[in-house]
Amino acid sequence: MNEARAEAQLQNWAGGRLQPGVSLRQCRPTRRRVWRDRRNTALIILGVVITLIPVVMILYQITSKGIRTMDWEFLTSSMPLSFRREGGGFLNALVGTLIMVGLATAVSVPLGIMAAVYLVEYGKGNWLARLIRFFSDVMTGVPSVFVGLFVYTALVVNFGFGALMGAASLAIIMMPIIVRSTEEMLKLVPGELKDASYGLGAAKWQTVTKVVLPSAAPGIVTGVMLAVARAAGETAPLILTALGSYQLTARLWDQPISALTLAIFDGARNPFAAGQARAWAGALELLLIVLIFTIVARVMASRSRFKR
Amino acid sequence: MKEQAPDTQAMNSPVASSEATSGGTRVYAQEVAPPVTLSVAGVSEEGRATGSPAEPPVFSVRNLSVYYGKNLALKDVNMDIRPRRITAIIGPSGCGKSTLIRCFNRMNELIPGARVEGEVLYHGENIYAPGVDPVVVRRHIGMVFQRPNPFPKSIYENVAFGARINGYKGDMDELVERSLRRAALWDEVKNQLKKSALDLSGGQQQRLCIARAIAVEPDVILMDEPASALDPIATTRIEDLMQELKQDYSIVIVTHNMQQAARVSDETAFLYTEVDEATSARWGILVEFGPTSRIFTKPLDKRTEDYVSGRFG
């Protein structure tokens, strides 16, 4: 750096105004500043890369190992009677997951959304709203195995293992996620839109169902899909409520039922190559299901945006 | 005008929902049965048509005070609003203009802690009387807000919204077209009714909001600074529109812009902030109310004179 330029910088720093005879091009940033800028940019990129490494590795490993066993037979047939035997698939587990996650979603989504509407539109800051909010927060932090234990002592002890018990535990896990994510989305709906609706003579429930919920729909769907993905990936509570099974069944009670996570768990912890291969394919299947659900839900939400 | 009157009356009479076919095909089924009849008592067909000064007021505000929590926001307002006139509410920031206009359709009670004392008589009946449903009040008294606030739906659905929630059974396409025409927006949007209302420009959005408000055939349209977020050309269009709408509707407008009040309104209310020196509490009072020409040329009150001559505010 020559002295004239250093001088020019100093003067410009002092006044913030260009000295006569000095052009803007002469006022270069100092090397120190350039270096800091690059260093911080590099640190941020490094952080992103480190975060991505495990995600990419998991995806790669599941895909590469799962794809070997993933075929039509795997998708359409149930477990062979021995882990040692090759062939067969996780149809029984897939059916179990779909039944239990479906039931849990059918129960927890309407209830969760209604609770969130109460929190935002009706309860605001009253004691009941604060109570719901507090317990939702606590519930999102409770380890899922506790939920399984709770359903075990409350239901399984009396009624036996089954899809309904599994669905109950999944619904309990999904509910607080849906309540809190929906609440955040409802809070984002501008008050101006509600004013417009009330100004047209809409009653409160009309405003909620015709303006507030449709406006928040895309965000609500995202939260619901988060909850569905979480439920589809739960293992611990299902061990205590659905138990798992090798049989293809669609019975809701009186009979243990399998789930993809349970089948993956069983396959992965046994010493036979065939069983482990099926577990990898099961993991890939679960991943794809969550992915498909998310895409379908997003598309539906964006389509419904401008309809009544 | 001639074909407008029966419909307006049908809207005002909650029992007329099944007999209101005389004025066209519009039939509003009142989903919420009003506990108290908001009648059009005292408003004769002749009185509506002529709009003479002797005609009874749409609104009579009596000793109206508004509190937000413990704070007094508006103190002891008395004024009459005449039918099919444009009444402007002017005054410096924070003097309670918006608070006052939101009293006319009970929008204030959507704000937690807001409390209203005194009476707002709508065709002689207090809209704050026990047993009056605010939802019913708002179906008779439409509102256009400061910032254009179309719903994130199609243009068509925006206009149809009010009619749908009111159980409108007639020809929706016709209603949408008529409302958009009256809001001077039809020609610009007739080929894109299914498009999102959010794709329109700000001025178009505000005219859409006006179309949405008049689609439910209100008696009064309240406008809370309807042009403050718009450019001068869009503002002119809104002002022209107001002149047309006043043939059929009573309009109350809050405006920051004194020129606008002078241009468009027939009567002007000037609000001003009073300050309690001891507690430095501030509240709005109605200083002067009268014909716009007099308020702007021969104001009676010194504060009005200072304000309209641009000495403060």
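So that the names make sense, note that chain A is the first sequence line, chain B the second, and so on, each numbered from 1. Note that these values count all heavy atoms, side chains included, but never hydrogens, waters or copies made by symmetry.
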- Within 6.0 Å of CZ in F150(A), more than 12 heavy atoms from elsewhere: no
- Message: Tell me whether the count of non-hydrogen atoms from other residues, nucleotides or ligands lying under 6.0 Å of OH in Y128(B) goes above 12.
- Response: yes
- If you count heavy-atom pairs under 4.5 Å with chain B, which of G201(A), G199(A), A202(A), P190(A) comes out on top? G201(A)
- Side chain to side chain, P152(B) and L193(A), heavy atoms closer than 4.5 Å: yes
- Do F161(B) and V211(A) touch side chain to side chain, with heavy atoms closer than 4.5 Å? yes
- F135(A), CZ: over 12 other non-hydrogen atoms inside 6.0 angstrom: no
- Message: For the NZ atom of K194(A) and the CG atom of N149(B), what is their distance to the nearest 0.5 Å?
- Response: 13.0 Å
- Contact leader toward chain A among Q146(B), M143(B), R212(B), where contacts are heavy-atom pairs under 4.5 Å: R212(B)
- Task: Select one option (side chain, backbone, both, neither) describing which atoms of I141(B) are under 4.5 Å from chain A's heavy atoms.
- Result: backbone
- Given side chains that start at C-beta, do those of Y198(A) and M107(B) come closer than 4.5 Å, heavy atoms only? yes
- Does Y118(A) OH have over 12 foreign heavy atoms under 6.0 Å away? yes
- Rounded to the nearest 0.5 Å, how far apart are OG1 of T207(A) and CD1 of I165(B)? 7.0 Å
- Message: Taking the basic N atoms (NZ, or NE/NH1/NH2) and the acidic carboxylate oxygens, is any pair closer than 4.0 Å for D195(A) and R138(B)?
- Response: no
- Query: What heavy-atom pair brings K210(A) and K153(B) nearest, and what distance separates the two atoms?
  - Reply: O-NZ, 2.8 Å
- Does any heavy atom of chain A fall under 4.5 Å from the side chain of R102(B), the backbone, both, or neither of them? side chain
- Message: Heavy-atom cut-off 4.5 Å, strictly under: side chain, backbone, both or neither for P150(B) against chain A?
- Response: backbone
